[in-house]
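When reading the values below, keep in mind they use all heavy atoms of this one structure, side chains included, and skip hydrogens, waters and symmetry mates. This one's a predicted model, so the numbers in the text were calculated from it and none came from an experiment.
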Protein chains: 2
Amino acid sequence: MPDRGGPRGRRRKLNATSYVVLGMLASRPATSYDLKQWVAHTIGNFWAFAHSQLYDEPARLVADGLVSESVEEGGRRRRTYEILPAGREALQEWLSSPTTEQTEVRDLGLLKLFFANLAEPADLLRLARDRHESHKARADSYTEQREEIADYADPWQLKTIELGIRYERCVEEFWADFLAELEDQQP
Amino acid sequence: MPDRGGPRGRRRKLNATSYVVLGMLASRPATSYDLKQWVAHTIGNFWAFAHSQLYDEPARLVADGLVSESVEEGGRRRRTYEILPAGREALQEWLSSPTTEQTEVRDLGLLKLFFANLAEPADLLRLARDRHESHKARADSYTEQREEIADYADPWQLKTIELGIRYERCVEEFWADFLAELEDQQP
DNA sequence: GAAGGCATGTAATGAGTTACATGATTAT
DNA sequence: ATAATCATGTAACTCATTACATGCCTTC
């Protein structure tokens, strides 16, 4: 009979959401709303989390004994979470473990392209335009963001943005090229 | 009281999994195992599905009235699914609708990089090496795949692979550059 | 004819999404 | 003081993941 939850009783296998929360709490205590805000303008850009996930996950981490919770007296009785030593350990362990998982790219545009033989030419054209625009917009927005935070931000976080920019530019270019081909055929 | 399921009773909002299955069934009837195989060497490369999903989803589509099911007499009583006109319609509708959803890139390597200030230098080095290798391997494998199927494959599917290759090369390069920087600092 | 792997499926659990609900704060 | 928006949370539902179970087919 496995012992689930309670301090010291960790059994659950942590997932990406867990590490996002632990990672954020590692630099300062936070409420779920804080987490939500912080996620929104960092990793949320490419890996979205519903806000309810950032309410659920810290609660699970408390049950796992990795995070502590303190409830505000009176008022809204907000809950603030703080990482525990066991939480830091778990995080270290994760950071020092090999990273073999395959990257998942969930792109509905790509899916539609894959099935484009079932679509009308006009649909395809629209798809290419939409996707080109949206990846361009994102690349631009990352670039701007990087300028803004370049001076004070953590260097690794800057690197993360850099990868984001490269990725978005690459995809933008793909759609641009594809669009050119399409327009060549039926001008 | 909403009417769920049953032919003509579609209410459920279809998701990506639904369209993957519909898209595959659009070219030929298939069993769940067929779907699994086909996914495995196409879109499964970047968007993984557990095999049980490919057992569950067709069943849901049957309830939605978009797909029909026929059970083999005797033997294993295998179930073969076939797309119905309503299913084709749903697919068309999807293909011709705008694609505004943000692409999600779920990359644990990227996450670790983001939190690298909490890691040891050795961990970071390992991360960069791992990720560089694995993206390179994947880019190579896509490239090979493309050669193999170039002659007979659907042109749009080839385009999909091309995007895959570009993406993987781009990320490979990122990690290579990053690795070079790291090794420069502590040779 | 036994072993190992491919094929086929279900059950249990855990996670993610959507919708709802309402308390605070700010702006007008 | 009302409206609008931000902050905070829960409930219900859908979906995904993992584990289990076992049938069938090939090969030795």
Query raised in the report: Once you round it to whole Å, what is the distance between C1' of dC6(C) and CZ of R78(B)?
Result: 12 Å

Report task. Look at the side-chain N and O atoms of R79(B) and state whether any lies under 4.0 Å from the OP1 or OP2 oxygen of dT10(C). Result -> yes

Report task. Quickly work out the W47(B) CH2 to dT17(D) P distance and round it to whole Å. Result -> 11 Å

Query raised in the report: Can we say R106(A) and E104(B) salt-bridge, meaning some charged N sits less than 4.0 Å from an Asp/Glu carboxylate O?
Result: no

**Report entry** Of all pairs that satisfy ring pair (Phe, Tyr, Trp, His ring centres under 6.0 Å), the ones with a partner from residues 93-122 of chain B, not counting sequence neighbours
**Finding:** W38(A)-F114(B), Y19(B)-W94(B)

Query - Beyond-backbone contact of T100(A) with S134(B), side-chain heavy atoms, under 4.5 angstrom - result: no

Report summary line: Atom CG of D34(A) and atom P of dG9(D) are separated, to the nearest Å, by 10 Å

Query raised in the report: Does R60(B) pair with D64(B) as a salt bridge, N-O distance under 4.0 Å?
Result: no

Query raised in the report: How close or far is atom P of dT8(C) from atom NZ of K36(B), stated in whole angstroms?
Result: 9 Å

Query raised in the report: When you check the side-chain N and O atoms of N15(A) and S18(A), is any donor under 3.5 Å from an acceptor?
Result: yes

Report task. Grab the OH-P distance between Y55(A) and dT10(D) for me, whole Å please. Result -> 9 Å

Requested in this report: Step through the shown structure and confirm whether more than 12 heavy atoms of other residues, nucleotides or ligands are within 6.0 Å of CD on E133(B).
Outcome: no

N/O contacts under 3.5 Å, protein versus nucleotides 15-19 of chain C?
| unit_1 | atom_1 | unit_2 | atom_2 | d |
| --- | --- | --- | --- | --- |
| dA15(C) | OP1 | R12(A) | NH1 | 3.2 |
| dG16(C) | OP1 | T17(A) | OG1 | 3.4 |
| dG16(C) | OP2 | T17(A) | OG1 | 3.4 |
| dG16(C) | OP2 | Q53(A) | OE1 | 3.0 |
| dG16(C) | O5' | Q53(A) | OE1 | 3.4 |
| dT17(C) | OP2 | Q53(A) | NE2 | 3.0 |
| dT18(C) | O4 | S52(A) | OG | 3.1 |

Report task. Give the rounded distance in Å between these two atoms: CG of L54(B) and C1' of dT8(C). Result -> 13 Å

